[in-house]
Amino acid sequence: MMQKPAQRLTLFLLLAPAILWLGLLIVLPHVEILVLSFSERVAPRVYAFGFRNYLEFFTEPLYWRTFARTAFMSILVTALTLVLAFPIALYIARVAQGRVKAMLLLLCLLPFWVSELVRTLGWMMLLRETGVVSYILRAVGAADQPVELLYNDGAVILGLVYGGLLFMIVPLANALESLEPAVVEAGFDLGGSRWTVLRRIVIPHAMPGIVAGCIIVFMLTVGNFATPVLLGGKNGLWFTEQIYAQFITRFNWPQGAAFGMLLLLLSSAIVWLGLRLTGQSLGTTLKQA
Amino acid sequence: MNRPSLAWKLYIAAFYVFLFAPLLIVAIFAFNASPFPSPPWRGFTLEWFTGSGAAFGKPGVLTDPVWLSSIGNSFKVAIPVALLAVLVGTVNAWVLERAEFRGKTFLAMMMLWPLVIPGVVLGISILAFFSRLANGLEDWLQTDLDFLRPGLSLVILGQLSFILTISTLIIAARLRKFDRSLEEAAFDLGASRTRVLRTVTLPFLRPSLIGAGLVALLMSFENFNTTLMLVGSDAPLPITMYGQMREGATPAINAVSLLLMLGVGGIASVFALTAKAER
Amino acid sequence: AEKLRLLTWADYVPKDVMEQFTKETGIEVEVTLSNNEEMISKLRATQGAGFDLVQPSQDRIAGPQTEFGIYKPLDLSKIKSDQFIASMLEATKKNTTVDGKVYGVPHIWGTDGLIVNTKTAAKVADYNDLCDPAIAGKASFRAKRPALIAFAFANGMDPFASYNDPKAYTAMMEKVGTKLAECKKNVKFFWDGKDQLLNAIRSGEVVAAMAWDTGGWKLNSESADIKFVAPKSGALGWVDTFAIPAKGRNDDAAYKWINFNMKPEIAAKVAATAGNFTASNGADKLMQGKLKDQFAESFPKAAIDNIKWYPAVPAGIEEIEGKILDRLKAGS
Amino acid sequence: MAPSTDLDIVRVTKRFGAHAAVDDVSFSVAPGEFFSILGPSGCGKTTLMRMIAGFEHPTSGDIRIRGQSMIGVPANRRPVNMVFQSLALFPMMSVGENVAYGLTCRGVSRAEAEERAGRMLERVGLKGFGERRVTALSGGQRQRVAIARCLVLEPTLVLLDEPLGALDLKLREHMKIELKQLQGTFNTTFAYITHDQSEALVMSDRIAVMNQGRFEQVGSPRELYHNPATPFVASFVGETNRLQGEASASNGAIAVRLPSGAVVQGQGRAGQAALAFVRPEAVALAQDPSLLGSLPNRFEGRVSAVLFDGAASSLLIDTAGFAEPVRAVLPQAGPLAGIQVGAPVHVGWTADAMKVFAA
Amino acid sequence: MAPSTDLDIVRVTKRFGAHAAVDDVSFSVAPGEFFSILGPSGCGKTTLMRMIAGFEHPTSGDIRIRGQSMIGVPANRRPVNMVFQSLALFPMMSVGENVAYGLTCRGVSRAEAEERAGRMLERVGLKGFGERRVTALSGGQRQRVAIARCLVLEPTLVLLDEPLGALDLKLREHMKIELKQLQGTFNTTFAYITHDQSEALVMSDRIAVMNQGRFEQVGSPRELYHNPATPFVASFVGETNRLQGEASASNGAIAVRLPSGAVVQGQGRAGQAALAFVRPEAVALAQDPSLLGSLPNRFEGRVSAVLFDGAASSLLIDTAGFAEPVRAVLPQAGPLAGIQVGAPVHVGWTADAMKVFAA
Ligand SMILES: Nc1ncnc2c1ncn2[C@@H]1O[C@H](COP(=O)(O)OP(=O)(O)OP(=O)(O)O)[C@@H](O)[C@H]1O
Ligand SMILES: Nc1ncnc2c1ncn2[C@@H]1O[C@H](COP(=O)(O)OP(=O)(O)OP(=O)(O)O)[C@@H](O)[C@H]1O
Ligand SMILES: [Mg+2]
Ligand SMILES: [Mg+2]
C-alpha cells in the first residue's frame, strides 16, 4: 500500500510522452480544424460560426465530384493492388524458401524506402511523350509519332498502384506465412482442388492481412498528393489538391479545414465499412501490418 | 501449391521488372550528358553529380547549394525524428505492454489512429493548431515563437505525429515476444531493477530499437505529404525535388535520386543484418 | 553574421549581386524561391513571420493585407525614391496603399503574352487562338488568374472594370470559365513552372502557350522560330515589388537591399538574368541590346499602349476566380 | 542454533479476486530434502512457488526461510533461487555469462565470477561450454545450465517449476535420474513442482499432493501410492481401477455394493456413497476360479483388450457387474502370458488391496 | 478380384540432394490392419508417409493402393487421407464444416454433406458439436474431429503422422486406447507413425521399426519385443540393459566377455565385437545367491538407486564387472519389496533372456 503514490507517479511519467504526443499532435490539431471548418468569413479578419464551408462543398458540384472521384479511384486502386499483389505475396510466403524468400521481400521493400517522388519521377521519365517508352516504341517501329502516356487517369492509377503494392504485399505475406503448411496440405488431401483450397482455406485465412493491406493502401491512396499532381493530367483533380489549394493558393483555411474534415470522414467511413463487411477489428488488423 | 506454374513464375519476374523499371531509368539517366532527363542517350557524364554548371548551365548535385542545403535540412529533420521516435516509442511500448491502468485499450486505439489519418490532413491540422497556439502565446508573452511557425521544427513534430505510431508498434511487437520470466529470473538471481533493465530487457529490445530508428529515419527522409504543409523557408529533400519536378527538371534530380537510392540501400542492408542477428 | 531572409522569384537574385551585397554590407542573404500564392500563404501561415523581405506582384498586396495583415507599412524615408522610375513608383504606391499606408515599391516588371512556335503554329496571334483545333493537344497556359483575365479581354470583356462588383465579376468569370473549358481539350497541360514550359516548347511537345515574355525571349535566342507575341487583345502587365512582412526582423537590411538593388548597375544585372525590365531609373541604358531588340519585335508601339496593367486585387475576388479555376482543372 | 527446517509455509493463502489459488497451505521442508508438490494443472502450484520466490505476495500467512520471515523481502534479496519452466536462460549472454550473472549481481569480481561459473559448469558436466551461446545447446544441456545458474549462488533452497516440462519423453526419463543425482551431490534443498506423478514419485523424498489450492496429503512416495489418504490422491497417483457404489460395514472390512448389485470388499471408511480403488498390479488373474479361492473379491470376465507394452503391458477385462473394464497387469510368464482378446478369465483381489473412501 | 493388400510400397527411395531420407523400403499393409512405423526423430517416417499421401514424389520405386500405382496421381485424387501431427484442422471453419469439407470437394450437396458429417461426429462421440469453432475444443476432441474428417470420406487407407504428439501425458494414454477402438469399429486400414514405442506396441497389429531411412524389422509387437532382429530394435523397443564385449561361442549359447573380464551367456550370433541385451523384467533378484543357482548369468551388486514409480518401479544395481548399473524391476512383494539404496543384492538371468548381436 505504501507503494501506491510512487507507482502512480511512475505510471504518470510513462504516460506523459504518449499523452503529449496524442494530445498536442493529434487530438488538439483535429479539434482546431474542426472548429476552423465551422468558421465563416464575414468581413476581413472577422469570422463567425457557421456551416457555409460545408454547404459550399455540397452545393458546388466541382468539390463533391472531385471527392467522389477520389473515393472511387482509391477503391479501384486498392482493388487492383490487391489483385496484383496477391500472387506475389503468395509466392513469397508459400513457395520461396530461405535466402530467395528474404531477397524477394527485401527487393520489394527497397523501391518503397526511396522517396515517392523518385518513383514518380521514374514513371514520368518512362511515360512522357519524350520519355523512354515512347522512344522505344518509335525505335522498334510500333509508333510513328511520339506517344503521350502521361497526364491521364491511367498514369495516375498506375502510379498509385505501384505506390501501394508494398503495403499490400507485406501484410498479405505475413498473413499467408502464418498459415500452417499442413492445413493447406490437408485441404488437398481431403480432395480439394487448387481453386477450392484457395477459396475456402487460403483466402479466409489471409483475410486479416487482406483487410489490413486494403486499409493501408486505401489510406495512402486517398491521402496521396504528389502522384496525382505529377502524373495526373489537366482533367484530374485529387481531393488532397483541393485541400492544398484552399490552404496554399486561396488562403482560405476554414474551407480547407472543412475539406480536411471531410477527407478524414471519408477515409474513416470506408475503413469502418471495410472492417464491418469483413468482420475484422482495427487493432488486430493494423498489427498484422 | 509448392510447384509454381510457369505462368506464375513469369508473373513474378514481370512484377520485379515493373518494380524496378522506374528506379533503373532514374538511375541510368543520372549519367546522361543531356540537359533533359529523357532519351536519347547522349553519352556518359558525371556532370550531374560533380559538375560546376559550366557544361549544361545548371550545376551538379554536389556543387549546388540548393541540393546540398536541402539534403542538410533532411538530416536536420530525420535525426531528431529518429531519436525521438526510438525514445518515446520505447516508453509507449512499455505502457502498452506492461502498464495496467484504466483506459488502456482506448489509449492503444488512439496510438493507432494516426495511421488512418491522411498525411495532408495531419499537416494542415498541425499547421492550423500551432499557428493558433503561436498567436495566442505571442499575444500573451509578447515574443515571437518561431519554432511553432512553419519550419523544420514543425516538420519534425508533424512527422513524429505518425512515425511514433510505427516505432511504437515495432518496439511493442518485440517487447511482446519478451519472456517475462527472463526478467524474473534476473531479479531472482539478485539483480536490482535497473540492472535487470540494463542487462536483460534493453539488450533484448536492441534489434527493435535499431530497426525502429532506421525505419523512422527512412520515413522521415521520404515523407512528403505532411512535410509539404509544414515547411517554412528551409525545404527538405522531397520538397525541393517536388519543386524541381514541377519546374521541369534537369538530370541533377536523377543524380539526387540515385544518391538517395544508394543511401536507402545502405540503410536497408544494415536493417537486414540486424534483423538476421535478431533470430 | 547579420542575415536577410528574402522570399522571391527565381532568377531575381544573381549570385554575383548577392556576393557584392554581402561584401559591401556584411549582411548574408538567404534566398527562398516562390511564387505569388505561396508567398502569401507562407506569410499567412506565420502571420508575416519567417522572412525579412518579400517580392509579391503589386496587385497582390492590398487584398491580403486587408485580410490577414501580413505586411508592414514601408518607411518611405528609408527608400531612395530617385532611383525609381517615378511614374512606376507612383502607380505601385497607389496600388499598394491600405488605410493610407504604403506597402510596396516596384522592382521588376514584365508582361504576359503568347510564346509561339512560328513554324508549327504561325496563326496564333491572340489568346483565343490557343483553342484553335489546328494545334489541338499542343497548347498550354497556367491555370491561374492571368489566364482568366487574359481570356476575358480576348473575348471582349473588361474584368478590371468589374473588380468592385463581385456579382458582375462572377458572371463574367463564369463565361470565361466556359470558354476555357471548351479550350481545355487543346491543352497539353496547365503549366506550373517556367522551365517545365520552356522544355516542352523546346522539345516540340507544346507549340503555343500563354506565358511570360522573358521565357519567350529566352527561347527566341535559342531558336529564331520561337517568338514572344503581344496578343491582339493586349499583353498583361505585371510589376513585382518589394514588401516587408509584418514580423520581419531585419528591416534595416531590407531597406539596404532595396536601395542596393535599385542602383542602376545592379538593377541592370538583375534584369539581365531575369530577362525582364526593371523599375530602376536609368538601368535601361545599361541593358544589353539583344533584349531591347526582342522587346521591340514583340511590342510595336500599339502593343505597348495596349498592355493591360493589373490594378490591385480587392479581397474576395480571388475566391471567385479560384472556384472557376478549380472547375477548369477538375472538369473534363 | 541452526533451524531444523529450511522452509516453513504457515497457513498461506493467496486470493486472486474471489478465487483462492492457494488456500490455507502449511508445510515445512527439511534441509537437504527433495520436496515435490504434485497436482493437476491450475491447482495453484506455480502460485505457491512464486510466493516463495517473492514474485507474488501472500494474502495471508507467513513464509519463513531458515526461520526468517520473508514477508516484505523482495525477490532479489531472498536466499532462494528458481528454475523456471521455460528455463529463462538469457539468450543475449553466453553460457558462462548466464551462470556468472547472479555472482556479478552480488558484486563478485568479474574474474572470480567467471572462474566460479566455470567450476560450476564442470560439476554439472558442461566443462568447456562457457563460451557457447545458450541457443546452441540441446534441451538437456540447457536444463543443466539453468540449474547451474541457481546452484552457483549456493542458495538455501532451489525452487523448480516443472523444469522437465519442455523436454521430450526419452530425455525426460534421463533427466529425472540426473536431477535426483545432482541434488544428492550438492545436498541442496529442492522444492520441485510437477503435474507428472511419475516424476514426483521417482525423485522425491516427500511429496505434497495439491488439489484446488489445498494440500490433500503430504508423505513419501510409497505412502502416497500404497496408503492414499483421499480419493483424489488414490486416483491421481498411479494407475488404478475406480468403482462407485454404496457402503455397508461387514466383518472387519467394508463392503461396497455397486449399482449392478455386485459387492466388493475393501478397507477404509465411508458413509453411504463410497468410492473404491484397486491397483491393476493387485488384481490377480486365473483361468481356473479355484486358484483365487481365498480372495474375498472374485469375478468372472472376458478380455476386451490386450495392451501390450513390454514390461508395462496390461489387460482390460470386461467384468460382469462392473461399469468399466477392469485393468490388470498382463502376466509376463505362465499360462496367461499369451492370453488373447475374448478369452474368459477370472479376476480377484484381497480386501487389503481395495481402498474405500467416502465419495 | 479384390486385391489382398490395401497398400504396397515397392522399393521406394527418396533422396533430398545426396541424403536418402527413405532408402529402398518395401512393405505391404493388409485390409483392416493397424500398421505402425516406429523410429527415432529424423529417420524418414514423415517423408515416407508424405509420399503415400502424394505430397512428395519417390525418387524411385512404386506405391500401390489396392493394386493401383499412385505414381503421378496428385494428393487430392488418392483414396488415402491423412491425420496430421498438428491435426491441421481448418481454423476458419466450424467443426461441422471441417468434417463436411472433403464431401463438398467431391461434389456432395451441402445438405447431404452436413448430414453425413453430423452422423460421423456422432460416431466419434461429438454429437452436437457441429456448430462449434475448432478453437473451442479440447485436445482430445480436436483429435477426434481430425479423424472424423478423414473417415467420413471412407478412404481405403488412413495415414496418421504422430497424431498424439501434441497431447499431454494423461490424455495421450487415454487416446491410445480410444484410437485403437475407433479403428476396430470402422474396420479401416490405418498406417500410423510414431517415435513413441509404447504407442506403437499398444495399438498396432504390426510394426515396422525404421532407422536412418531403412526398415530394421517388421513384425507384431510381441515379436519385436521378445525377438528383436537387430541391436537397434533391441534397444529402441522397450527398456533394456545393454552390454558391450567380445563374443566367443560356448556350449549351445554364445558367451560375451565384457571389458572388465566378466562373461555373460546369451543367445544369438556375433563375430568378434558383440552387443548383449537383457530386459529389466528378465533380471531375477535375490538376497541369497543360492536362489539363483540355476541361472548361467549370476552377479553380485549393490542397489544404487530405487526408482519408485508404483507398478513401474525399478532398481539400479551397481554390479561388479559392469560399466553401467543394471536395471531391474522392483519386486512388488516378497522380501525385496522394501529394499533400500546401498543394500547388497544378487542378480541373474537366463541365457535365453539375453540377446546377442554383432556390434
Ligand atoms: N495473476 C493471476 N491473476 C488471476 N488469477 C491467477 C493469476 N495467476 C494464477 N491465477 C489462477 O490461479 C490458479 C492457479 O494457477 P497456477 O498457475 O498456480 O496453477 P499451476 O498449478 O501452476 O498450473 P500448471 O500446472 O498449469 O502450471 C489458476 O486458476 C489460475 O487461473
Ligand atoms: N524437404 C526436405 N528437404 C531436405 N531434407 C528433408 C526434407 N524433408 C525431410 N528432410 C530430411 O529427411 C530426413 C527425414 O525427415 P522426416 O521428416 O521424414 O523424419 P521423421 O522420421 O518424420 O522425423 P520426426 O519424428 O522428427 O518427425 C531428415 O533428415 C530431414 O532433415
Ligand atoms: Mg504452473
Ligand atoms: Mg515426422
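In the text below, chain A, chain B and the rest are named by the order of the sequence lines, each starting its count at 1.
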Proximity of residues 258-265 of chain A to chain B, residues having a non-hydrogen atom under 4.5 angstrom: A:Gly260, A:Leu263, A:Leu264
Give, as side chain, backbone, both or neither, the part of [X] having an atom under 4.5 angstrom from any heavy atom of chain B.
| X | answer |
| --- | --- |
| A:Phe247 | side chain |
| A:Leu165 | side chain |
| A:Leu25 | both |
| A:Leu230 | side chain |
| A:Leu28 | both |
| A:Leu22 | side chain |

Is the shortest heavy-atom distance from the side chain of [X] to the side chain of [Y] under 4.5 Å?
| X | Y | answer |
| --- | --- | --- |
| B:Phe129 | A:Val31 | no |
| A:Thr120 | B:Met245 | yes |
| A:Trp113 | B:Glu222 | no |
| A:Leu15 | B:Leu107 | yes |
| A:Pro87 | B:Ile12 | no |
| A:Leu107 | B:Leu19 | no |
| A:Tyr244 | B:Ile124 | no |
| A:Val114 | B:Ser257 | no |

[X] portion near chain A, given a 4.5 angstrom heavy-atom threshold:
| X | value |
| --- | --- |
| B:Tyr16 | side chain |
| B:Thr105 | neither |
| B:Phe221 | neither |
| B:Thr90 | neither |
| B:Leu228 | side chain |
| B:Met229 | side chain |

Start with the C-alpha distance between A:Leu117 and B:Leu237, add both sets of side-chain angles, then the distance that settles side chain to side chain contact (heavy atoms under 4.5 Å, CB included), and finish with yes or no. CA-CA 10 Å; A:Leu117 292 160; B:Leu237 200 49; over 6 Å; no
Atom of [X], atom of [Y] and distance for their closest heavy-atom approach:
| X | Y | answer |
| --- | --- | --- |
| B:Leu260 | A:Val118 | CD2-CG2, 3.8 Å |
| A:Ala226 | B:Asn225 | N-OD1, 4.4 Å |
| A:Met219 | B:Leu115 | CG-O, 4.2 Å |
| B:Gly265 | A:Leu110 | CA-CD2, 4.0 Å |
| A:Val132 | B:Phe29 | CG2-CE1, 3.7 Å |
| B:Ala128 | A:Trp253 | CA-CZ3, 4.1 Å |

[atom1]/[X] to [atom2]/[Y] distance, rounded to the nearest 0.5 angstrom?
| X | Y | atom1 | atom2 | value |
| --- | --- | --- | --- | --- |
| B:Met261 | A:Ser115 | CE | OG | 10.0 Å |
| B:Tyr242 | A:Leu121 | OH | CG | 14.0 Å |
| A:Ser267 | B:Ile117 | OG | CD1 | 8.5 Å |

Given the options [options], which has more heavy-atom pairs under 4.5 Å with chain B than any of the others?
| options | result |
| --- | --- |
| A:Leu106, A:Leu84, A:Leu127 | A:Leu84 |
| A:Val35, A:Leu20, A:Thr240, A:Ile26 | A:Ile26 |
| A:Leu34, A:Ile19, A:Ile88 | A:Ile88 |
| A:Pro111, A:Gly256, A:Ala139, A:Gly223 | A:Pro111 |

For A:Leu166, give me all partners under side-chain contact (heavy atoms from CB on, under 4.5 Å), at least two apart in sequence or on another chain. A:Cys108, A:Leu109, A:Phe112, A:Val170
Just so I understand: if I count every heavy-atom pair under 4.5 Å between each of [options] and chain A, which residue has the most?
| options | answer |
| --- | --- |
| B:Val256, B:Leu258, B:Leu157, B:Val88 | B:Leu157 |
| B:Trp94, B:Phe162, B:Phe101 | B:Phe101 |
| B:Leu133, B:Ile126, B:Val215 | B:Ile126 |
| B:Ala27, B:Gly119, B:Gly263, B:Ser125 | B:Ser125 |

Should A:Leu11 and B:Val95 be marked as a side chain to side chain contact (heavy atoms under 4.5 Å, CB included) after you check the CA-CA gap, both sets of side-chain angles, and the distance that decides it? CA-CA 8 Å; A:Leu11 180 63; B:Val95 167; 5.8 Å; no
The test is side chain to side chain contact (heavy atoms under 4.5 Å, CB included); show your working for B:Val120 and A:Asn224 and say whether it passes. CA-CA 8 Å; B:Val120 173; A:Asn224 203 317; over 6 Å; no
Aromatic rings A:His30 and B:Trp113: how do their planes relate, parallel, tilted or perpendicular, breaks at 30° and 60°?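 Answer is tilted, since the angle falls between 30° and 60°.
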Classify the angle between the aromatic ring planes of B:Trp8 and A:Tyr91 as parallel (below 30°), tilted (30 to 60°) or perpendicular (above 60°).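 Perpendicular, since the angle between the ring planes exceeds 60°.
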Is the CZ atom of B:Arg98 crowded by more than 12 outside heavy atoms at less than 6.0 Å? yes
B:Phe18 atom CZ, over 12 foreign heavy atoms within 6.0 Å: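 More than 12 within 6.0 Å, yes.
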So, the side chain of A:Trp21 versus the backbone of B:Ser161: is there a donor-acceptor pair under 3.5 Å, distance only?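 Indeed, once roles are kept as given, a pair shorter than 3.5 Å links the two residues.
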What residues form a side-chain hydrogen bond (donor to acceptor under 3.5 Å, both in side chains) with B:Thr168, not counting sequence neighbours?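 B:Thr168: side-chain hydrogen bond (donor to acceptor under 3.5 Å, both in side chains) contacts with B:Asn92.
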Sequence neighbours left out, what passes salt bridge (charged side-chain N to carboxylate O under 4.0 Å, His left out) with A:Glu32? Give chain and number order.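 Result, salt bridge (charged side-chain N to carboxylate O under 4.0 Å, His left out) vs A:Glu32: B:Arg132.
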